[in-house]
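Whatever order the structure lists them in is the order used to number ligands and atoms, beginning at 1. Computed from a predicted structure; not experimentally measured.
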Amino acid sequence: MNVKKIFMGIIMSVLMAGILAACGGANENGNGGEAKKLVMLTSADYPPYEFIDTEKGNEIVGFDVDIARYITEELGYELDIVDMDFTTLITAMNSEKGDFILAGMTPTPDRMENADFSDVYFTAKHLIVSEKASGIESIEDLAGKTVGVQTGSIQEGEAEKIKETVDITIETRNRVPELVQEILAGRFDAAIIEDTVAAGHFKNNPDLVGFAIEETGEAAGSAIAFPKDSELTDEFNRVLNEMKENGELDKLILKWFGGEE
Ligand code: ARG
């Protein structure tokens with residue numbers, strides 16, 4: 001009977017649709033086999049976290065990049081990386097220029113108003129970096145001096161804190177290597193730079209020295225930032241914690257920070 005045929009036909013198409021949907025669902029991203037692309041925003045001025053490798057065709061590489069590659073691969077996403085000034089990262093993410101930020105970024109209360117953060121994956125200290133000849137060996141020695149910090153970084157906050165007790169002039173630059181250049185050019189007396197990042201500059205510039213800010217310094221923990229309420233926060237955290245447990249994170253720490261000779 002015709003009615004029966006039509007009825008069976010409807011049943012079949014409903015079943016087929018169901019099967020197709022299930023197939024789509026089997027792919028992690030559910031959009032027909034094409035892996036979904038995630039865009040990571042970073043400020044590639046920060047070796048060993050992220051920097052431009054001129055020997056590798058100007059590819060952006062580093063500790064953060066390896067973490068992003070591992071996590072996105074585990075979750076079945078492709079990865080694109082976009083470089084910009086540190087101070088513009090959160091605004092750019094919130095205007096949908098990227099899906100997450102990996103830039104050695106510290107979760108601060110201010111930033112948490114505009115972004116969600118993963119767990120902390122690495123913690124560093126702040127150093128006062130200056131030329132050996134300057135004789136700057138304590139915070140008090142900074143009196144009357146010019147101190148450089150990266151615009152929008154928590155080091156800028158550290159400088160403000162120092163300024164409450166010691167008379168310093170704070171200068172900002174968008175990129176960390178510029179801070180070092182200004183010291184070498186004699187325009188800055190010192191700069192506040194994270195220990196792990198300063199280490200690379202010490203290697204390249206034997207005239208530079210540094211000491212850790214003890215009293216005022218808050219630890220510079222790094223975490224991954226996401227748009228508020230993004231589902232990625234939990235997904236990324238799950239893999240990040242796997243990396244902490246299976247030794248993958250330690251391996252990357254050794255690879256990027258362990259090479260002290
Ligand atoms: N941890 C510091 C902060 O959150 C500095 C990070 C700078 N990162 C960079 N890619 N330049 O402010």
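The protein non-hydrogen atom at the shortest distance from atom 12 (O) of ligand 1 is Ile154 N, 2.7 Å. Annotation: atom 6 (C) of ligand 1 to nearest protein heavy atom, Gly104 O, 3.3 Å. Ala103 O, 2.8 Å is the protein heavy atom nearest to atom 8 (N) of ligand 1. Atom 11 (N) of ligand 1 has as its closest protein heavy atom Asp45 OD1, 2.8 Å. What sits closest to atom 9 (C) of ligand 1 on the protein, heavy atoms only, is Tyr46 CG, 3.4 Å.
Using a 4.5 Å heavy-atom threshold, the side chains of Phe226 and Glu235 count as separate.
Contacts between Arg175 and ligand 1, counted as non-hydrogen atom pairs separated by less than 4.0 Å, are absent for every part of the residue.
At a 3.5 angstrom cut-off on N or O pairs, Met105 does not count as close to ligand 1.
Hydrophobic cluster membership of Phe117, counting Ile, Leu, Val, Met, Phe, Trp and Tyr whose side-chain heavy atoms lie under 4.5 Å apart directly or via other members: Val39, Leu41, Val82, Met84, Phe86, Leu89, Ile90, Met93, Ile101, Met105, Met112.
Taking 4.0 Å as the cut-off, Glu156 does not count as a neighbour of ligand 1 on heavy-atom distance. For the ligand labelled ligand 1, residue Phe86 lies inside the 4.0 Å heavy-atom shell. Using a 4.0 angstrom heavy-atom cutoff, Arg111 counts as in contact with ligand 1.
How far CG of Leu232 is from CD1 of Ile224: 10.0 Å, rounded to the nearest 0.5 Å. Taking OG1 from Thr233 and CZ from Phe100, the interatomic distance works out to 11.5 Å, rounded to the nearest 0.5 Å. To the nearest 0.5 Å, atom NZ of residue Lys36 and atom CG of residue Asp99 are 5.5 Å apart.
Close approach of ligand 1 to Ser153 is summarised as follows: ligand atoms under 4.0 Å from at least one heavy atom of the residue are 12 (O). Each of the atoms 7 (C), 9 (C), 11 (N) of ligand 1 lies under 4.0 Å from some heavy atom of Gln150. Taking a cut-off of under 4.0 Å to the non-hydrogen atoms of Glu194, the atoms of ligand 1 that pass are 1 (N).
No close placement of the Phe51 and Phe63 rings is indicated, their centers lying 6.0 Å or farther apart.
Taking a cutoff of 4.0 Å between a charged side-chain nitrogen and a carboxylate oxygen, Lys161 and Glu158 qualify as a salt bridge. Salt bridge present: Glu248 and Lys251 bring a charged side-chain N and a carboxylate O closer than 4.0 Å.
Asp195 is linked by a side-chain contact (heavy atoms from CB on, under 4.5 Å) to Ala124, Lys125, Leu127, counting only residues two or more places apart in sequence or in another chain.
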